[in-house]
Amino acid sequence: MAHTLHVLTSASPVPCSRSPPLKHRPFTVFSSTHLRRSIPPLTRRSLSLNASLAVESPSISGSGEAEPLKPLLEVKDLTAVVAESKEELLHGVNLTIYEGEVHAVMGKNGSGKSTFSKVLVGHPDYEVTGGSVIFKGQNLLDMEPDERSHTGLFMSFQSPVAIPGVSNSDFLLMAYNARQAKLGLPELDPIKFYSYIQPKLAALNMDPLFLNRNVNEGFSGGERKRNEILQLSVLEADLAVLDEIDSGLDVDALQDVAKAVNSLLTPKRSILMITHYRRLLDYITPTYIHIMEDGRIVKTGDVSIAQLLEEGGYKALSSTS
Amino acid sequence: MASTSFSFPSRLLHRNPTGSSRNPRKRTATVRTLAALSDPYVLQLAETFEDSLSSAPSADTLSLPILQNLRDSSSASLLSKTWPSSKDEPFRFTDVSFLKKSEIAPVSTVPSRYSPENPQLLGVCDGQSPSLFLIDGRVVETFSDLSGLPSDVFVGSVSAAPESVLRVISDSVANFSQGDLFWDLNGMGALDIAVIHVPAGTRIEKPLYLRLFSSQGVGDGLNTLPVSNPRCIVVVEKGAYIEIIEEYFGGEEGESYWTNSVMEVAIADGGRVRHSYLQMHGKNAAHIKWTLVRQEASSGYELVEVSTGAKLSRHNLHIQQLGPDTQTNLSALHLCGCNQLQDLHSRLVLDHPRGEARQLHKSIVSHSSGRGVFDGNIQVNRYAQQTDAGQMSRNLLLVPRATVDLKPNLQIIADDVQCSHGATMSDLETEPLFYFQARGIDLQTARKALLFSFGAEVTALLHTPLRKRVEDHVKRITHC
């Protein structure tokens, strides 16, 4: 049986400055041979991953009568400055993420990728000066960071801070119960929470003793990243912004983390990955890749963009745009 | 000979850039002698103390030679002193004038309103470890439980101490020339001495609770200030070990009283003392305490202080090294809320090689009228080569106008040493706060958790059941 695979055609990249963002996305169905030609080094594994993802997606039920995709996050002309120096770092970012999609934002150091992810979750170091961010139909910019978390937005920190004196289990339980309380759901006591979290630890190959340690204190780079994903799996966010979740990870750790992230994906949940390297995309396959440059998204396309990047660096992309 | 002296006075609100402490002793010594006989207030205070002793019921204990000697030497020394003011360097940041304005009334009678079962007296004791109970400075046997102690250990009132123990402690009593007026007042007013003697080679596994209760507070609006003068002597002989949990508390919340306490600790070669000091008085209490520690060769002394109560709380900590290879570990956590001043004046004098010393002072000032004071002096003298000493003071100022006065200072004369010190003061950092918020935890809860974790660096050093109780207490207080 031929794979049914849905990839945005690489021949017609969507210009990033579009406004409003795409409502109807041009999907082209390739045969697997066609695809192999257009994106040669893509491995079979990622193909099948992508395929299974696509199969689950309601958008491709054969009838074409599927319910329309709902936008999860709509960012329009977002501009932001450093709170202290007022230096503008985001010069008008546009991005729309629909339910069930995986997006990757790639770009050079200093292109604004991390700033963008921090602005989304309301980091106090930055001030939004213009544009809008709508998440699940609500204005995200009006919310406190904790409220943003309660609506289902999660960001994994690039280098999460250590919190001496607060144990991981206490922290996770606080976070979990804060969300439960907000949603009007029952809170868990530490013992019930332990059974809740046990399989999540196992999925990440994490030792339960990890829970007794203080949050990120003395953690290796890999442990910090796993811990971020553990938090994501506890909070079961609808949109996970993963800021360089691959940095500092060896292959085994990367596979563990990617496996856990993939297992959290549902037709309703989405991921926004921030990364420098293509490596991560071999494990978590994006629906779209955006190239960020100087505080803007300058190019959007399918996974083939990553291939261009691999071959010619960001320069190659800039010159074609 | 290399000679280096650091003195970094740093103040938040009223920073005084000049090191006015430089060589203060020479100048003030003459002034003091001249003024000595002319401080009528101190004279009057001495008389008040003497009068109260004549009406005290425990004449037997008071007439013991050891207490008589202590009184004689203390009163002689007291009369050469003046009441401290902000012009005296050790009291530059600590205002004790409200004591002077009060009508100081030494406590000499034991009240009848407390029985051992009174829940107020439970404090933080776990009910399983041995405990020695002092009410208003007097050992109360019926409240104490010393059954779990080895038979060769003596813990109790000096009046019950065997001759051999008396001989040992007589050497140390009244043999300290650097005490201030409050040290002398304690010597004059002490009604009893709690004695803890651990003979050579004995290790006491369970901690000993030393529970000091102030029973005679007075309500709001009265100018009377009852003062008690608890005094304790701890002698740990060669190779012996004891853990002491010294706990201060008082009667009804809001009552005024003054506890003026002295503890002397002598640790012989290879001996070790683990000392937890918890000051949990009510919000209107005054608490002044001296801790004098003498450490002989290869001995170890570890102090964990948590001070949360009293409107005026001053701890004078003096540690004298008497031999090489000592280890000293000092940690303190101060909580300064509304109208509270928490003060630690510590001095560690190293005169022998290879001493190791670590000091951590932490304070949380949570109200604009709260104030923290830390003057930490470490002297590394000429023969204290290869000393490894570090001092750190971290202070959280949670509201505008909250104040800490810090004077960390190292005086180093030896030339082959490793010494470090540092001091920080700030509000809670934004990055950890944001981390909590990003996970859906609201700002207020995040602040509480971070405050608690700030203190946990010190409270984690307490042993487990005690740690839990103290942390609960800290949580309760920081929630107000």
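Convention: sequence-line order gives letters A, B, ...; per-chain numbering from 1.
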B:Ile441 and A:Asp146, any side-chain heavy atoms less than 4.5 Å apart: no
Closest-packed option against chain B by number of heavy-atom pairs under 4.5 Å, given A:Arg148, A:Arg179, A:Met174: A:Met174
Contact winner vs chain A - B:Ala456, B:Gly455, B:Ala438, heavy-atom pairs under 4.5 Å: B:Ala438
Expected output: side-chain B:Ser453 to main-chain A:Gly165 donor-acceptor under 3.5 Å: no
4.5 Å side-chain heavy-atom contact, B:Phe452 and A:Val166: no
Exceeds 12 heavy-atom contacts within 6.0 angstrom, atom CG of A:Leu183: yes
A:Glu84, CD: over 12 other non-hydrogen atoms inside 6.0 angstrom: no
Chain A contacts, top residue of B:Thr430, B:Thr459, B:Thr445, B:Asp442 (heavy-atom pairs, under 4.5 Å): B:Asp442
Interface moiety of A:Tyr176 toward chain B, non-hydrogen atoms closer than 4.5 Å: neither
Portion of A:Val234 that has a non-hydrogen atom of chain B nearer than 4.5 angstrom: neither
cation_pi(B:Arg439, A:Phe154) dist<6.0 Å, angle<=45: yes
Side chain, backbone, both or neither of A:Glu228 within contact of chain B (heavy atoms, under 4.5 Å): side chain
Euclidean distance, B:Leu433 CG relative to A:Ile163 CD1, rounded to 0.5 Å: 8.5 Å
Short side-chain donor-acceptor distance under 3.5 Å, B:Gln437 and A:His123: no
Non-hydrogen side-chain atoms of A:Phe157 and B:Glu431 separated by less than 4.5 Å: yes
B:Leu443 and A:Glu144, any side-chain heavy atoms less than 4.5 Å apart: no
Close side-chain approach of B:Tyr435 to A:Asn216, heavy-atom, < 4.5 Å: yes
CD/A:Glu187: more than 12 non-hydrogen atoms of other groups inside 6.0 Å: yes
CA sep, side-chain torsions, deciding dist, call: B:Phe434, A:Asp125, side-chain contact (heavy atoms from CB on, under 4.5 Å): CA-CA 10 Å; B:Phe434 179 68; A:Asp125 282 358; over 6 Å; no
B:Arg394, CZ: over 12 other non-hydrogen atoms inside 6.0 angstrom: no
Within 6.0 Å of NZ in A:Lys136, more than 12 heavy atoms from elsewhere: yes
